[in-house]
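Just so it is clear, the values below take in all heavy atoms, side chains as well, and ignore hydrogens, waters and symmetry mates. Bear in mind that the values here come from a model prediction, so they are computed numbers and not experimental data. In the text below, chain A, chain B and the rest are named by the order of the sequence lines, each starting its count at 1.
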Amino acid sequence: MISVTFPDGASRHFAPGVSGLDIAKSISPSLAKRTVAMVLDGALADLADPIVKDSKIEFVGREDPRALELIRHDAAHVLAEAVQALWPGTQVTIGPVIDNGFYYDFYKNEPFTPEDFPAIEKKMREIIARDAPFTKEVWSRDKAKSFFETKGEAFKVELVDAIPADQDLKIYKQGDWLDLCRGPHMTSVGKVGSAFKLMKVAGAYWRGDSTKPMLSRIYGTAFAKQEDLDLYIKQIEEAEKRDHRKIGREMDLFHFQEEGPGVVFWHAKGWRMFQELTAYMRRRLAADYDEVNAPQILDKSLWEMSGHWGWYSDNMFAVKSATAFLRPNDPDADQRLFALKPMNCPGHVQIFKHGLKSYRDLPIRLAEFGAVHRYEPSGALHGLMRVRGFTQDDAHIFCTEEQLETECMMINDLILSVYSDFGFDEIVVKLSTRPEKRVGSDENWDLAEAIMTRVLDKIAAQSGGRIKTGINEGEGAFYGPKFEYTLRDAIGRDWQCGTTQIDFNLPERFDAFYVAPDGSKKRPVMVHRAICGSMERFLGILIENYAGHFPLWLAPEQVVVATITNEADDYAHKVVEQAMGAGLRARADLRNEKITYKVREHSLAKVPALLVVGRKEAAEGLVSVRRLGSNDQTVMPAAQALAMLAKEATAPDLARR
RNA sequence: GCUGUUGUAGCUCAGUGGUAGAGCACUCCCUUGGUAAGGGAGAGGUCGAGAGUUCAAUCCUCUCCAACAGCACCA
């Protein structure tokens, strides 16, 4: 007999090989009926699986959060069956559960379109209504291979071949249809329920490899309850409303146009925010960094020296004089090839190298708001989030190995403090370790990873567990390990922004050195770090995070003084002047429009503070303050309102002083 | 870069093998109105670019460019 322990601590004895379903039935028929799966010793499993040893068991009902992935996974199988029923000859591949849903990749000559969804969903509902039980069989490799070969399922055959020899091949049947799958599944197809929806179609490479065939992927999502699905769809709509490309257009912050794919035209208001953000960052750096500026174009040879040309020339812009392009074979034309800088580090090494540096000078921290250009693949471009020309809040620290740990911690503290100033307090720091393709000795990698592991532990400990840490195995840069800082925005999306990278390679390549206390030449270590990462992208994140309702200090337009009647025009001008005197970005709206119209317009334009002035206010030196997002207003003396707003408009770092 | 979709006025979008329309925005006029759209008039487009088919192309075909979604990539 084996002992089975229940969540309440009670245990009972059963014959070995008893299934979860048997146990549930032995307790009560209704329990057996509402249970869709079990958690056996902490792992989700089929309810029909035999239990062969002493175990802890938990029954999982359909509404159990742990059942959600099963519902989605089962839905993926239903989707696959539906597609093969509607389009015989379509090959199935894989259909995993992902965040917020599932997908299934098919091989089909004609790709799907969203117009196919109603028919597929209808067929899915039929299959679900049939409520066939999921049954599992373990097949031999040969049986599985010949079965899928006979059916013409070449991709499945490849999957069978890829499964390690010591693993069972599991086949899940749902009525007549079956799929190779590691499971687990719920007891029957009907448990999927009706709260599912197909979301979109897309191409996707077989096995995620761009040299392999393109498959046709259908994304879907499923929930236990319709309310959950509705809520999810609402959240997607909310994210769409916050799309920085849309808000950027509506608020007149920036634009893109065809002649400049991936490069930003910053309008006055957007650039004001850019400047405000940059000014803030400069203040944060002032005490510890030296700001520098390195050239935009440098001879190709320098990029060969740095290694960038070898590693990344596919993603770099190269420039020549126009004459060289027009007369490529003319020896009298200057044919010299330059590259637009994709990174600031080589430039900073040149600055470091200029003149002898002593150990007394270290650490040297060179910062630059460096405009860089990278030839990103066209399909990667996305608003401000992925562009070809952007500004990094970059810095390179030249120091000794002994100083590394302190420098990493210092950077960490600055990054967390900056994020916190924007209200980002949920931060994850991950250490990316050595990748397969890399340069430098294993000795240096060992050293750098050891230091960074220590720092990572410190970060976690210092934050009292608030900052989550982790490791990304093999994800480091080719020249060294790195920390990646990921912040969570107001609607729960994660953005990787900051990074700290240790680099033994570049100083070596450029033969950078400092004079040690004993007079010998020593190689400095370089630390690359960025906080916002790309200023453009960080602004994009801020736009979406705040949904355009910026804190006053960042808002491009802080105050609009709107008149009710033109008798208040002179007074409005005076208030605007006073506001500007108080350091506020303010303007008057004297247009011949009703106040309701002006209120609506400035509300839609997301102006943080609207000061309405009419005859009464003009006569008594008052303003009627209406804040963005509020439907009421407060009448108060103009001076008082402006003092309040000016205080609120102080950047967080200045407010601390 | 790959797969698919899209490209018509500043924005959002209709539309047709016979060279175009709406709403909002814009300009002007009337209106001076107390917290989310007052009324009227007007101006504005080489229908993404190029080539082809046709008597005739914004519409059909091809190529290119760009955008969007996903994949791949992201020093």
K.L.:
OP1 or OP2 of B/A69 less than 4.0 angstrom from a side-chain nitrogen or oxygen of A/Arg245, does that happen here?
P.N.:
yes

K.L.:
Within the pair A/Tyr205 and B/G70, is there a side-chain N or O less than 4.0 Å away from OP1 or OP2?
P.N.:
no

K.L.:
Just checking A/His602: base, sugar-phosphate only, or nothing, at a heavy-atom cut-off of under 4.0 Å?
P.N.:
nothing

K.L.:
Indicate whether A/Tyr312 forms a stack on B/A75; treat it as stacked only if centroid distance is below 5.5 angstrom and interplanar angle below 30 degrees.
P.N.:
yes

K.L.:
Of A/Gly208 and A/Glu567, whose nearest nucleotide on RNA chain B comes first from the 5' end?
P.N.:
A/Glu567

K.L.:
Of all the heavy-atom pairs spanning A/Ile541 and A/Met385, show the shortest one and how long it is.
P.N.:
N-CE, 3.6 Å

K.L.:
Ignoring hydrogens and angles, are the base of B/C74 and the side chain of A/Arg386 linked by a donor-acceptor pair under 3.5 Å?
P.N.:
yes

K.L.:
How about NZ on A/Lys269, more than 12 heavy atoms from neighbouring residues, nucleotides or ligands closer than 6.0 Å, or not?
P.N.:
yes

K.L.:
Between A/Phe478 and A/Trp311, what is the ring plane arrangement, given parallel below 30°, perpendicular above 60°, and tilted in between?
P.N.:
parallel

K.L.:
With heavy atoms under 4.0 Å as the rule, sort A/Pro261 into base, sugar-phosphate or nothing.
P.N.:
sugar-phosphate

K.L.:
When all nucleic acid strands are considered with a 4.0 Å heavy-atom cut-off, which category describes A/Leu215: base, sugar-phosphate, or nothing?
P.N.:
nothing

K.L.:
Taking atom P in both B/C55 and B/A20, compute the distance separating them and give it to the nearest angstrom.
P.N.:
22 Å

K.L.:
Touch check for A/Tyr103, heavy atoms < 4.0 angstrom, all strands: base, sugar-phosphate only, or nothing?
P.N.:
nothing

K.L.:
Base, sugar-phosphate or nothing for A/Arg626? Non-hydrogen atoms, less than 4.0 Å.
P.N.:
base

K.L.:
Students often mix this up, so state it plainly: with edges at 30° and 60°, are the rings of A/His528 and A/Tyr479 parallel, tilted or perpendicular?
P.N.:
parallel

K.L.:
Could you check A/Glu258 against A/Arg374 and say which one's nearest nucleotide on RNA chain B is further toward the 5' end?
P.N.:
A/Glu258

K.L.:
When the P atoms of B/U5 and B/C64 are considered, how many whole Å apart are they?
P.N.:
15 Å

K.L.:
Please confirm whether any donor atom in the side chain of A/Tyr375 sits under 3.5 Å from an acceptor in the base of B/G1, or the reverse.
P.N.:
no

K.L.:
So what does A/Phe112 touch, heavy atoms closer than 4.0 Å: a base, only the sugar-phosphate, or nothing?
P.N.:
nothing

K.L.:
Counting the atoms with a prime plus P, OP1 and OP2 as sugar-phosphate, which does A/Gln501 contact under 4.0 Å by heavy atoms, base, sugar-phosphate, or nothing?
P.N.:
sugar-phosphate

K.L.:
What about A/Thr596, does its side chain sit under 3.5 Å from the base of B/U35 through a donor-acceptor pair?
P.N.:
no

K.L.:
How would you label the contact of A/Glu617 with the nucleic acid (heavy atoms, under 4.0 Å): base, sugar-phosphate, or nothing?
P.N.:
base

K.L.:
Would you call the rings of A/Phe352 and A/Phe398 parallel, tilted or perpendicular if under 30° counts as parallel and over 60° as perpendicular?
P.N.:
parallel

K.L.:
Counting the atoms with a prime plus P, OP1 and OP2 as sugar-phosphate, which does A/Ser210 contact under 4.0 Å by heavy atoms, base, sugar-phosphate, or nothing?
P.N.:
sugar-phosphate

